[in-house]
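Order of the sequence lines fixes the chain letters, A, B, ..., with proteins taken first and strands second; residue numbering starts at 1 for each chain. Note that these values count all heavy atoms, side chains included, but never hydrogens, waters or copies made by symmetry.
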Amino acid sequence: MSNSESGHEKPLDFIRQRVSEDLLTGKHSTPVTRFPPEPNGFLHIGHAKSICLNFGVAREYNGRCHLRFDDTNPSKEESAYVQSIKEDVKWLGFDWGKNLFFASDYFDKLYEFALELIRKEKAFVCCLTADEMREYRGTLKEPGKESPYRNRTVEENLKLFQGMKEGKFEEGSHVLRAKIDMSSPNLNMRDPIIYRIMRAHHHRTGDTWCIYPMYDYTHCLSDALEAITHSLCTLEFEDHRPLYDWVLDTLETPCHPQQIEFARLNLTYTVMSKRKLMRLVADGHVTGWDDPRMLTVSGLRRRGYTPASIRNFCHEIGIGKKESWIDMGVLENAIRNDLNEKAPRVLGILDPLKVVITNYPEDQVEELAAKNHPQNPDMGVRKIPFSREIYIEHTDFMEDPPKKFFRLGIGREVRLRYAYFITCESIVKDEATGEILEVHCTYDPATYGGNAPDGRKVKGTIHWVSAAEALPCEIRLYDRLFNVENPDSDKEVDFKEHLNPDSLTSLPNCMVEPSLADAEPGTCFQFERQGYFCVDAKDSMPGAPVFNRTVGLRDSWAKVKK
RNA sequence: UGGGGCGUAGCCAAGCGGUUAAGGCACCGGGUUUUGAUCCCGGCAUUCGGAGGUUCGAGUCCUCCCGCCCCAGCCA
């Protein structure tokens, strides 16, 4: 079985090895995984890694993957997030089928399980304040102290817990705690809270409840209730596994899923935590959660990343237990690779410089054939207009170019992609500023289409658009949000100090070929010699298109220049 | 002088005691090219955090040491 979209075999990661073993030994016949987001924010590339893992394992081993919202904290959660999360998972190419669940679906059962815990003398109602609780918990090195409420009778606990449920107590005054071991070196086992009072409106259960179960208690039971076989989570939950197992061992549950932890994704030149992403939005450093600079799924989508590129990326980086920093270049490479294959090629000018072809007839317009993809003839050809006045890229002209500059300069000849060879004869400058206003060239009619019948070669081929027919548009150039590899690393300096001031450059006066007039929002193109661009899904209007640069082409000329 | 993890090239990552330590990214050469793109070919760890030990043989097993990450929310 291949676990790769590209078909190349890749060794199984340690989780897939484990799943394979469990299938081989007959421990399970079908793997069941789950992706358990909390609906309190938008999904980001780190979640995508988890989604690809969980849904990927299910797909590869003919199992299933549940989408389960971990909605046990109504003070932070909203149904709007549920909607966006579902859309993002679908967009990434995964399908949970009928297996859509909410932890809140299990509130009744969870309550019953709590009763069972109390009856087994494995849980008690504690009336310590939050501060007292902290003191009693002990420290990393010193054991905790048992709560004075720890030895209440079953009857007393039952009555109190029911009172909690019925709203008889103040928020914070009572909690239900598991009775485990206050001297455990693992803090999670020091009589952890499993229920707290919270008078908040829940997005699904409304005001039915005023007590809500905690993550550690809820998650393992939800997994068991759904017959999850492999519960995959990130490394920071490793210390919680003993508690996960304790709950399931103590209670009569249908099964006991195996929790397995893997390293979360870190990427250079960005931040990943929801809290920090939230701050970027709240403080106006980006335009929203779907700002194309954000590594949220919605931001990546708007930037022009394809689902396949994100899946390939997640596949390439692999799954392990080592804390790692993936270079942003790997993500960029993933989208280049995908778009190189799929994106139709077009011509577009970011920084227009007018060229007048002095020996070309005025009022003549030719329709020239251009390939939509040089390596893939199936993508066809299109016609682009050519005329006496065209625009070229400002950076493709130098008045006094160095030897290795293959583009246009006075007296130099270049090829206009799919058109003709032109030679620069003179330039027109603004006398006051010295700015180059126009470049005057002559063309060689014999080089129609870009081939010289005399066999003469030209070093450079540049792109262009016909001035009269060009479509004016706005192009947004995006760059990395931060200008240091790890904005988080310095504890003395706030991560926002490292924001890249040039992460967005808006170019309002760009010119692209007319075929782009009807491009649908979200579609991606390669602007030849520039990079990949997609029609912005929000701000682009018919007649006033806006393109986002997804990623630039590799540019070895940029290296030569240095 | 708590507990749990992790250390293989600049960045990821295979390796599961026995040929010359996979692969990708990055980087450096060379070729093709009407995108300085793509594509192709070649180079890139005498060495696996360190030191000992076991073994005919160790990145893989043992011991000790070093470094990094996580845990003291009524968050997930």
### B:G18: pairing nucleotide in any strand, Watson-Crick or G-U under 3.5 angstrom
B:C56
### Summary
When rounded to whole Å, the CG to P distance for the pair A:N73 and B:C75 reads 6 Å
### Query
Which label fits B:G73, syn or anti, where anti is any glycosidic angle not within 90° of 0?
syn
### Message
Distance alone, cut at 3.5 Å: any donor-acceptor contact between the side chains of A:E393 and A:Q530?
### Response
yes
### Any strand: nucleotide that pairs with B:A72 via Watson-Crick or wobble, under 3.5 Å
none
### Query
Side chains of A:D181 and A:S183: is there a donor and an acceptor less than 3.5 Å apart?
yes
### Task
Could you let me know what B:G42 is paired to, Watson-Crick or G-U wobble, both distances under 3.5 Å, or none if it's on its own?
B:C28
### Query
How are the rings of A:H240 and A:Y215 set relative to one another: parallel (under 30°), tilted (30 to 60°) or perpendicular (over 60°)?
perpendicular
### Message
For A:Y269, does the six-membered ring have the charged nitrogen or CZ of A:R480 within the cation-pi criterion, i.e. under 6.0 angstrom from the centroid and within 45° of the normal?
### Response
yes
### Task
Pick base, sugar-phosphate or nothing for A:L140, based on heavy-atom distances below 4.0 Å to the nucleic acid.
base
### Query
If you check every side-chain atom of A:Y215, which of B:G4, B:U38, B:A76 has the closest atom?
B:A76
### Message
Can you identify which nucleotide, out of B:A76, B:C6, B:C25, has its nearest atom closest to the A:K321 side chain?
### Response
B:C6
### Task
Could you work out which one of B:A26, B:C75, B:G2 sits closest to the side chain of A:R554?
B:A26
### Separation of atom NE2 in A:H315 from atom C1' in B:A13, rounded to whole Å
12 Å
### Electrostatic pair A:R264:A:E323 at N-O distance under 4.0 angstrom
no
### Query
Any idea which of B:G4, B:A13, B:C75 is nearest the A:S324 side chain?
B:A13
### Query
If you check the A:R196 side chain, which of B:C71, B:C28, B:C75 turns out closest?
B:C75
### Message
At 4.0 Å (heavy atoms only), tell me whether A:R134 reaches a base, stays on the sugar-phosphate, or touches nothing.
### Response
sugar-phosphate
## Note on the structure
Under a 3.5 Å limit on both distances, the Watson-Crick or wobble mate of B:C64 is B:G50
### Message
Given B:U35, B:A37, B:C74, identify the nucleotide with an atom nearest to the side chain of A:M214.
### Response
B:C74
### Message
For a quick test of reading the model: is some side-chain N or O of A:R137 closer than 4.0 Å to OP1 or OP2 of B:C74?
### Response
yes
#### Entry: Distance between P atoms of B:U8 and B:C68 (Å, rounded)
15 Å
### Message
Output the rounded distance in Å from CZ (A:R529) to P (B:G36).
### Response
5 Å
### Task
Taking only the side-chain heavy atoms of A:E236 (C-beta and beyond), determine which of B:G15, B:C70, B:C12 contains the nearest atom.
B:C70
### Rounded distance (Å) that lies between atom C1' of B:G36 and atom CZ of A:F405
11 Å
## Note on the structure
Looking only at B:G5, B:C28, B:C68, the nucleotide nearest the A:E323 side chain is B:C68
### Query
Touch check for A:D239, heavy atoms < 4.0 angstrom, all strands: base, sugar-phosphate only, or nothing?
base
### Query
How far does the C1' atom of B:A13 sit from the matching atom of B:G57, given to the nearest Å?
26 Å
### Query
Choosing from B:U35, B:G5, B:G36, which nucleotide comes nearest the side chain of A:Q375?
B:U35
### Task
Measure from NZ on A:K322 to P on B:C68 and round the result to the nearest Å.
16 Å
### Task
In plain terms, say whether A:D444 and A:R456 are close enough for a salt bridge, that is, a side-chain N and a carboxylate O under 4.0 Å apart.
yes
### Span that lies between the P atom of B:G59 and that of B:A51, in whole angstrom
12 Å
